[in-house]
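To start, the structure under review is shown below, and the notes come after it.
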Amino acid sequence: MTELTELTITQALAALQAGDVTSRELTRAYLDRIEKLDARLHAFLHVDPGRALAQADEADRKRSAGDPAPLLGMPLAVKDVLTVEGMPCTCGSKILEGYVPPFTATAVRRLLEAGVVVLGKTNTDEFAMGSSTENSAYGVTHNPWDAARVPGGSSGGSAAAVAAELAPGALGTDTGGSIRQPSSFCGVTGLKPTYGRVSRYGLVAYGSSLDCPGPLAHNAEDAALLFSSMAGKDPLDATSVDVPAPEIRLSNGNLKGMTVGAPKEYFIKGIQAEVEAKVRAAIDQLADLGAEIVEISLPHTEYALPVYYLIAPAEASSNLARYDGIRYGPREAAESMWDVFYKTRGQRFGPEVERRIMLGTYALSAGYYDAYYGQAQKVRTLIKRDFEQAFEHVDVIACPVAPTTAFKIGAHGDDPLAMYLEDIFSLPANLAGIPGLSFPVGFDAQGLPVGMQLMGRHFHEAGLLQTAHIYQQATDWHLHRPALAD
Ligand code: GLN
């Protein structure tokens, strides 16, 4: 018999609707599996069984009363940088230890209104700064495919939770790849929406001009369901865009009439051979499904890394100024106010966060502003134009998500630049504000998942999800699950 936790969101919703299962049974099944496996994986920072079961009972009551909410009774995990009223929110940082937000992020609130049950909060690099979840102050998350390896980051807890069937779907956030890269490392499907399409209200700010909440799930169909319930204008986020939340109806079929661009700058020396081979094979498969493949050029790609690592830390240094030991979380005692700031920040921020604050403060300081931050903003525009020009000729762009598969825990421990290089193919979409989707297209020789990325025009999420859906109808990479002996 299929275990309840093996179901996709689409399948579980059908079972709920048919009355074959209750939300309580489904939620219980996930809570039991978390209880059994999460001591090993450490995907969650906080699990709230009582609250989840109460929400599940409420969902079951509503269903019997005929409530048509689209995700009624569906369990979900939430990355611990999104607030949920009354649930601890640490952002993987000691500086927010014990902080319990009195409000709920809009993305989460919309999903709650659509009926979801929140299982708990998932592990993340501190303030979402990282590519491996190793920067969490609460310990690393282990990759369900190989516990000696990282799950990617910063939404590593969410990706591991979905891959290990501890949740049928999860929310992540993506500032420079943090939904797509862990999705690739864990073999799940993750969508970074267009900037502004999903409200940032209640998402603890990292890089405000880059941050996007988005879904992780087992396939494009499930990601589409979560995404359409999260998106839409929000008066609480001035940068949210007034484009209605899409109702995405995915259809089966082929890709005839579609043009897919393969950017030559994304197939470069240094990328793991199997990653290139699997992504090229997946592009061939898109051609077999009817798409026309053309080689394109995004000439400013090589500048994305330095541009991002100026802009993101600059924004972070400003956003993190509010953590002073007075307004949020714990306070280190000291004589003067300045010493309170100094001690609280000095003792409670981790080394990567401190590095970003120093980088960002330097790039913004008078005398260096034009040379670094100002220049980076100009080059950001060139990167955005590369995409605009490409999308005059192609419908979507297909390329790797990351240059490697999941690396060993500790592999980049004393080399932050090597860690930053993991982001080389995911940063451009954030700089341009366009949507990106990551989904599994094979395994390397170690049995680790390889992901492919599709990027599209602003607000073209449906096109990316549709393309991946047709690919997933023709292939079974997204059906593989890690063997987790009980
Ligand atoms: N790895 C990138 C960084 O460290 C991206 C993180 C993210 O998308 N939140 O900034």
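Order of appearance sets the numbers: ligands from 1, and atoms from 1 within every ligand. Computed from a prediction, not measured in an experiment: that's the story for all the values here.
- Shortest contact from atom 2 (C) of ligand 1 to any protein heavy atom: Asp423 OD2, 3.1 Å.
- Val260 is linked by a side chain to side chain contact (heavy atoms under 4.5 Å, CB included) to Met258, Leu286, Ala291, Ile293, Val396, Ala398, counting only residues two or more places apart in sequence or in another chain.
- Annotation for Tyr368: atom OH does not count as buried by contact number, only 12 or fewer foreign heavy atoms lying within 6.0 Å.
- Within ligand 1, counting atoms from 1 as listed, the ones closer than 4.0 Å to a heavy atom of Gly176 are 5 (C), 7 (C), 8 (O).
- Residues Tyr266 and Ile271 form no side-chain contact, since every pair of their non-hydrogen atoms from C-beta on lies 4.5 Å or further apart.
- Neither the backbone nor the side chain of Lys192 comes within contact range of ligand 1; no heavy atom lies under 4.0 Å.
- Atom numbering of ligand 1 starts at 1 in the shown order; those under 4.0 Å from a heavy atom of Arg356 are 3 (C), 4 (O), 10 (O).
- The shortest N or O to N or O distance between Lys79 and ligand 1 is not below 3.5 Å.
- Contact atoms of ligand 1 toward Ala128: 6 (C), 7 (C), 9 (N) (distance under 4.0 Å to a heavy atom of the residue).
- Contact annotation: for Thr175 versus ligand 1, heavy atoms closer than 4.0 Å belong to both the backbone and the side chain.
- Within the 4.0 Å heavy-atom criterion, neither part of Phe127 lies near ligand 1.
- With sequence neighbours left out, Ala429 forms a side chain to side chain contact (heavy atoms under 4.5 Å, CB included) with Arg180, Lys192, Ile434, Met455.
- Ser158 and Lys79 share no side-chain donor-acceptor pair at under 3.5 Å.
- No N or O atom of Met129 sits closer than 3.5 Å to an N or O atom of ligand 1.
- For atom 7 (C) of ligand 1, the nearest non-hydrogen atom of the protein is Ser178 OG, 2.4 Å.
- Ligand 1 lies nowhere less than 4.0 angstrom from a heavy atom belonging to Glu422.
- Within a 6.0 Å radius of CZ in Phe267, more than 12 heavy atoms belonging to other residues, nucleotides or ligands are found.
- Side chain to side chain, Ser93 and Glu126 meet the donor-acceptor criterion of an N or O pair below 3.5 Å.
- Ring-plane geometry between Phe391 and Phe387 is classed as parallel, the angle between the planes falling under 30 degrees on a 0 to 90 degree scale with a further cut at 60.
- Side chain to side chain, Tyr206 and Arg356 meet the donor-acceptor criterion of an N or O pair below 3.5 Å.
- Annotation: Leu427 places no N or O atom under 3.5 Å from an N or O atom of ligand 1; distance criterion only.
- Among protein heavy atoms, atom 3 (C) of ligand 1 sits closest to Tyr309 OH, 3.3 Å.
- For the pair Gly130 and ligand 1, a heavy-atom separation below 4.0 Å is found.
- Looking at Ser208, its side chain never comes within 3.5 Å of a backbone N or O of Ala205 through a donor-acceptor pair.
- Taking a 4.0 Å cut-off on heavy atoms, Tyr308 registers as neighbouring ligand 1.
- Listed by atom number, the atoms of ligand 1 under 4.0 Å from Ser154 heavy atoms are 9 (N).
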